[in-house]
Protein chains: 2
Amino acid sequence: LIALRDVTRIYGQGSTEVRALAGVSFTIQAGEFVAVMGASGSGKSTCMNVLGALDRPTAGQYRFRDVDVGRCDRDQLALLRRHYLGFVFQSFNLLPRTSALDNVMLPLIYQRVPRRERLRRALEMLDLVGLADRAHHGPAQLSGGQQQRVAVARALVTHPDVVLADEPTGNLDSARSAELLGLLQRLNRERGITVVMVTHEAEAAAFAQRVLWFSDGLVQRDGPPAEV
Amino acid sequence: LIALRDVTRIYGQGSTEVRALAGVSFTIQAGEFVAVMGASGSGKSTCMNVLGALDRPTAGQYRFRDVDVGRCDRDQLALLRRHYLGFVFQSFNLLPRTSALDNVMLPLIYQRVPRRERLRRALEMLDLVGLADRAHHGPAQLSGGQQQRVAVARALVTHPDVVLADEPTGNLDSARSAELLGLLQRLNRERGITVVMVTHEAEAAAFAQRVLWFSDGLVQRDGPPAEV
Ligand SMILES: Nc1ncnc2c1ncn2[C@@H]1O[C@H](COP(=O)(O)OP(=O)(O)OP(=O)(O)O)[C@@H](O)[C@H]1O
Ligand SMILES: Nc1ncnc2c1ncn2[C@@H]1O[C@H](COP(=O)(O)OP(=O)(O)OP(=O)(O)O)[C@@H](O)[C@H]1O
Ligand SMILES: [Mg+2]
Ligand SMILES: [Mg+2]
């Protein structure tokens with residue numbers, strides 16, 4: 001499903017050059033639940049942006065469903081994301097001055113889902129993350145953890161084949177966190193949704209079957225949570 | 001030092017009314033290290049905004065250094081914050097398109113610290129959080145955890161009497177997190193800085209001597225970390 005080979009991502013040049021990714025190679029099969037861990041600044045979000053077709057590598061290859069993503073033009077990338085991917089951003093990226101409900105419905109509008117069905121599915125997803133009673137609040141009227149849950153609901157509402165979640169529980173108490181991780185695990189086991197999740201918490205990584213450990217732009221370790 | 005009595009904060013009105021704080025009372029002595037915990041949406045950030053004189057209660061009283069904060073005008077509040085408080089926001093609130101160094105120097109400009117001294121202290125603080133080599137990066141060129149550490153550096157650079165930190169380690173790996181919590185603990189023990197820190201992680205709360213547990217806008221429990 002996912003295959004990275006020697007992926008490099010360099011920012012800046014010369015003396016201010018930053019090697020955010022320094023030659024990353026791994027594959028992920030459909031149906032896996034993979035945790036991505038590693039020190040702050042080690043390249044995890046940069047790797048997630050490459051996986052999500054939001055950023056192009058400086059060098060190396062990314063194949064998604066056996067398509068060379070680097071050869072796609074902007075429209076093809078947009079279609080690929082819309083059709084297969086759900087992305088939870090580390091800083092949420094909700095539309096400001098837009099209700100939680102409208103934020104969650106947005107991916108369904110892109111998929112041309114009829115209005116009544118959009119409303120039903122968005123409300124159902126908000127209810128799943130415990131925010132049915134906050135549907136009409138905008139981001140400025142939501143707590144940090146509530147904004148994070150809206151971002152998760154938006155990523156899941158299209159039932160994507162692949163969920164890319166960058167620190168989805170960083171602002172949640174342990175009860176809400178366990179709830180959300182349990183939901184991701186159910187989607188993975190019952191519907192075969194592939195999950196790639198950045199986390200810094202060992203208890204969250206325990207919900208995955210495999211951990212990719214990043215260090216200075218490289219995958220340093222790759223194995224079951226207990227080992228890594 | 002800090003005394004809240006029956007503090008209430010209500011958003012909206014009528015059927016859309018939200019009681020973010022529903023009558024909170026507690027005191028904090030100078031030199032304490034207090035963790036604030038509780039479910040997502042339970043009122044922690046709202047309470048921190050009241051403590052930081054960034055928001056006025058709907059009802060109740062907040063006394064800081066025996067001054068009735070509710071009776072202060074906007075200028076007096078600004079002086080109070082500038083002189084005594086350092087605030088780490090849950091969503092960082094860094095100035096965009098502004099380098100890490102300039103972001104950290106900003107509170108020192110308000111305190112009329114001379115330029116050479118500002119530079120020295122800001123670089124020292126960035127070094128303490130492991131970001132000496134990112135001094136000239138703006139927020140868009142920093143990872144999530146790096147932005148969080150810049151926010152912490154900015155809150156500490158004035159050596160405030162009181163540090164209010166809203167989820168300061170939410171985006172940090174366990175090594176960086178322990179480092180930062182150890183720094184807060186040292187400032188608390190060696191310099192008597194009062195620390196009030198929202199966290200959802202028990203390992204972080206263990207650095208404090210006391211936990212205030214919030215639930216539905218009320219302080220439900222108040223005691224040592226092991227008990228709460
Ligand atoms: N401007 C607003 N208008 C209406 N409701 C609001 C507003 N701001 C916050 N709220 C509500 O007030 C409640 C408390 O919010 P607060 O940010 O204090 O929670 P919190 O404990 O910090 O949560 P988290 O752990 O998720 O950060 C939440 O239920 C939130 O929806
Ligand atoms: N636009 C940019 N220009 C320069 N350097 C950048 C830019 N974006 C990111 N970086 C650098 O690339 C490195 C990797 O960033 P990345 O966001 O992938 O880290 P991360 O592992 O997600 O960290 P965190 O756990 O703190 O979120 C960091 O050291 C960061 O400073
Ligand atoms: Mg990141
Ligand atoms: Mg909060």
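What's counted below: heavy atoms across the whole structure, side chains too, no hydrogens, waters or symmetry copies. So you know, we letter chains A, B, ... as the sequences are listed, proteins then strands, and number each from 1.
The environment of CD in Gln13(A) is sparse: at most 12 heavy-atom neighbours from other residues, nucleotides or ligands sit within 6.0 Å. Within 6.0 Å of CG in Asp222(B) there are more than 12 heavy atoms belonging to other residues, nucleotides or ligands. Counting non-hydrogen atoms of neighbouring residues, nucleotides and ligands closer than 6.0 angstrom, the CG atom of Asp133(B) exceeds 12 such neighbours. More than 12 non-hydrogen atoms from other residues, nucleotides or ligands lie less than 6.0 angstrom from CZ of Arg221(A). Within a 6.0 Å radius of CZ in Arg56(B), other residues, nucleotides and ligands contribute more than 12 heavy atoms. Remark: His159(B) NE2 is packed, more than 12 non-hydrogen atoms of other residues, nucleotides or ligands lying under 6.0 Å away.
For the pair Asp173(A) and Ser40(B), the tightest heavy-atom approach, listed with the atom from each and the gap, is OD1-N, 2.7 Å.
Of the two parts of His137(B), only the side chain, counted from C-beta on, holds a non-hydrogen atom closer than 4.5 Å to a non-hydrogen atom of chain A. Neither the backbone nor the side chain of Gln148(A) has a heavy atom closer than 4.5 Å to any heavy atom of chain B. Contact of Glu167(B) with chain A is made through the side chain alone, with heavy-atom distances under 4.5 Å. Only the backbone of Thr169(B) has a heavy atom closer than 4.5 Å to any heavy atom of chain A. For Ala39(A), the parts lying under 4.5 angstrom from a heavy atom of chain B are both the backbone and the side chain. For Gln141(B), no part sits under 4.5 Å from any heavy atom of chain A, backbone or side chain.
Note that CG of Asp166(B) is 8.5 Å distant from CG of Asn171(A), once rounded to the nearest 0.5 Å.
Within the 4.5 Å cutoff, the side chain of Arg134(B) has heavy atoms near those of the Val18(A) side chain. Here the side chains of Ser174(B) and His200(A) are not in contact, with every heavy-atom distance at 4.5 Å or above. Side-chain atoms of Ser45(A) and Ser143(B), non-hydrogen and from C-beta on, never get closer than 4.5 Å to each other.
Between chain B and the options Ala175(A), Gly43(A), Gly144(A), heavy-atom pairs under 4.5 Å are most frequent for Gly144(A). The residue among Arg149(B), Met37(B), Gln147(B) with the most heavy atom pairs within less than 4.5 Å of chain A is Arg149(B).
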